[in-house]
Amino acid sequence: MASNLEVVIMAAGKGTRMKSSLPKVLHPVAGKPMVCHVIDTARQLQARQTVVITGHGAEQVEAALTASYGSAGLQFARQMPQLGTGHAVQQAAPHLADEATVVVLSGDVPLTQADTLQALIAASGGDKLALLTIEFVDPTGYGRIVRDAAGQVQAIVEQKDASDEQRRIREVYSGIMAVPARLLKPWLAKLDNHNAQQEFYLTDVVKFAVADGVPVVAHVIADAAQVAGVNSPAQLAELERIHQRRRAEAFMSEGVRIIDPARFDVRGELVCAQDVQIDVNCIFEGRVELGQGVKIGANCVLANCRIEAGAVIHPFTHIDGEKLGVTVGEGALIGPFARLRPGAQLGAEVHIGNFVEVKNSTLAKGAKANHLAYLGDATVGERVNYGAGSITANYDGANKHRTVIEADVHIGSNCVLVAPVTIGAGGTVGGGSTITKSTEPGALSVARGKQISIANYKRPQKMK
């Protein structure tokens, strides 16, 4: 894309029908503010500068975008008060270089695709005003594209200013245009508010272009979702489902099996290897990686985690790695109703069963905690069997301490391991024990009340 491209995003609207204290453009689609989708699209176009026009909730919007993107290539222009779309772009004009091609976008229209805008910019060609248009069966509320007998665009007439004949026109302006800045700036200076809404219409630049002999071209698309704005919670929900359905279709085209694309939500970045299967009502947030052959059961929430090849996440499992991340090793079985918290690092063939919570703990190959247990700040060796109802008591009220359970240990049911403590390799902790002192390898440890008994112990062998 040309290096002289600059983008203006109108994001000053109040969104009264959203009935929310949150500025309209910060309402999320797929877990990300609407306006961020628009900025990301501008960055796909390699725009050298993006100017965001703020108004209602300006400080909140500017703070949110600065936190997400920093200040490089991002400018803000405030529109106070809001006197129409033309008035909005007037505020951005001082930031625009005369040699730039300017693309005007709306912060509440999140699904416009980069290739659509590339075609619009190409239509502008550095010397024309290019409009993105679409035909609707019911064009109510949109500005109509008025053409002459030869089919050339002559004007955009807003709904409230249109005659009955003009209101029958089905081709409408999307709110998106591409235009050379050297042409746009003098047109903006000519705008007036002599219209039904007493606003400064950006669409009036069309008549100025016609008067100046500048060609006005329309790039017509058929995909309504790309130009759909959000003015109510219902419209927000509708766009969310359209976006998610399209993402699901993209995954399925790459071989991912999604049981029901209508019940699939990606609210971040999802990376899938071959032969991944995802059941209904699953939500993916942050960055999630699914290895080859991974199966995700129904009603799971996965965030900031890596699930390695062949692992199975059973239904109703909640995994959120936050900043530390979570890793589930190859062939592991997780859930149902399990919870993996930040720092959970599970090796190959680990089993985490129903109502088991793991936080900031490492479990080596083949370790198992199948029922009703808590492992926090623990290092668990290979083939450990961790009994139902057992917990690591890792917090003394001031500091966290670590529990080490070495390889081949058996922890009985309803045990409390009071950190810091190490359970020696091959040892067994009897059911109901509270362990406050480290144990020797191979020992049977039983502690009730204040008594601790440690003796050499040979574990029973399985019956043949």
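Given the structure is predicted, the values throughout are model-derived calculations rather than measurements.
Checked against L290 for a side chain to side chain contact (heavy atoms under 4.5 Å, CB included), the options I313, V271, I278 give a single hit: I278. Among Q159, E171, Q166, the one residue that satisfies the side chain to side chain donor-acceptor pair (under 3.5 Å) test with R144 is Q159.
The nearest pair of heavy atoms linking P28 to L236 is O-CD1, 3.6 Å. Of all heavy-atom pairs spanning A162 and V157, the tightest one is CA-CG1, 3.5 Å. Of all heavy-atom pairs spanning L26 and A64, the tightest one is CD2-CB, 4.1 Å. Nearest heavy-atom pair, V266 versus A30, reported as atom, atom and distance to 0.1 Å: O-CB, 3.5 Å. In terms of heavy atoms, E199 sits closest to N195 at O-ND2, 2.6 Å. What you find for A119 and H219 is that their closest heavy atoms are CB-NE2, 3.6 Å.
Counting heavy atoms from C-beta on, the side chains of D40 and K32 come closer than 4.5 Å. In this structure, the side chains of L346 and I334 come closer than 4.5 Å at one or more pairs of heavy atoms. Contact annotation: the side chain of Y386 never approaches that of V380 to less than 4.5 Å [non-hydrogen atoms, C-beta and beyond]. Side-chain contact between R78 and E59: present, with at least one pair of heavy atoms (C-beta onward) separated by less than 4.5 Å. No side-chain heavy atom of L105 sits less than 4.5 Å from a side-chain heavy atom of T41. Residues F200 and L188 have side chains not in contact (no heavy-atom distance under 4.5 Å, counting atoms from C-beta outward). For the pair I145 and Y173, the minimum side-chain heavy-atom distance is below 4.5 Å. For the pair Q152/V210, no side-chain contact is recorded, criterion being any heavy-atom separation below 4.5 Å from C-beta on.
Among residues at least two apart or in separate chains, salt bridge (Lys or Arg N to Asp or Glu O under 4.0 Å) pairs with a member in residues 14-24 are K24-D108.
Between R241 and D265 there is a salt bridge, with a side-chain nitrogen of the basic residue lying less than 4.0 Å from a carboxylate oxygen of the acidic one. Salt-bridge check for R182 with E99: failed, with every basic side-chain N at 4.0 Å or more from each acidic carboxylate O.
Between the D161 side chain and the A196 main chain, a donor and an acceptor come within less than 3.5 Å of each other. A donor-acceptor distance shorter than 3.5 angstrom exists from the side chain of Q79 to the backbone of G84, with no hydrogens or angles considered. Distance alone, capped at 3.5 Å, places no donor-acceptor pair between the Y142 side chain and the R170 backbone. In this structure, the side chain of T66 does not engage the main chain of A63 through any donor-acceptor pair within 3.5 Å. Counting only distance, with no hydrogens or angles, the side chain of E6 and the backbone of A97 share a donor-acceptor pair below 3.5 Å. A donor-acceptor pair is defined here as one N or O able to donate and one able to accept, closer than 3.5 Å; such a pair exists between the side chain of S361 and the backbone of D377. Panel note: side chain R287, backbone N304; no donor-acceptor pair is recorded below 3.5 Å. Using modelled atom types, one side-chain atom of K185 and one backbone atom of L96 make a donor-acceptor pair closer than 3.5 Å. A distance-only check finds a donor-acceptor pair linking the side chain of T85 to the backbone of L202 [under 3.5 Å]. Side chain of H37 to main chain of V29: a donor-acceptor pair is present (N/O by atom type, distance under 3.5 Å, no hydrogens or angles).
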Could you walk me through whether V214 and W187 satisfy the side-chain contact (heavy atoms from CB on, under 4.5 Å) test, starting with their C-alpha distance in whole Å, then the side-chain angles of each, then the deciding distance to 0.1 Å, before giving a yes or no?
CA-CA 12 Å; V214 175; W187 294 339; 3.9 Å; yes
Could you walk me through whether H27 and S20 pass side-chain contact (heavy atoms from CB on, under 4.5 Å), step by step?
CA-CA 9 Å; H27 284 269; S20 171; 3.4 Å; yes
Let me see the working for F208 and L191 under side-chain contact (heavy atoms from CB on, under 4.5 Å), right down to the final yes or no.
CA-CA 9 Å; F208 299 145; L191 294 177; 3.7 Å; yes
Could you give me the CA-CA distance, side-chain angles and deciding distance for L270 and F251, then say whether side-chain contact (heavy atoms from CB on, under 4.5 Å) is met?
CA-CA 9 Å; L270 176 62; F251 279 114; 3.8 Å; yes
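Ring geometry for F337 versus F355: interplanar angle under 30°, hence parallel rather than tilted (30 to 60°).
Donor-acceptor pairing under 3.5 Å is lacking for the side chains of T392 and N394.
In this structure, Q197 places its CD atom where more than 12 heavy-atom neighbours from other residues, nucleotides or ligands lie under 6.0 Å away. In this structure, R167 places its CZ atom where more than 12 heavy-atom neighbours from other residues, nucleotides or ligands lie under 6.0 Å away. K190 NZ: more than 12 foreign heavy atoms inside a 6.0 Å radius. Counted within 6.0 Å of NZ on K295, heavy atoms from surrounding residues, nucleotides or ligands total 12 or fewer; the atom is thus considered open.
One finds the CD atom of Q154 at 4.0 Å from the CG atom of D148 (value rounded to the nearest 0.5 Å). Interatomic distance, CG of D260 versus CG of N281, reported as 8.0 Å (0.5 Å rounding). The line from CG of D279 to NE2 of H314 is 12.0 Å long, rounded to the nearest 0.5 Å.
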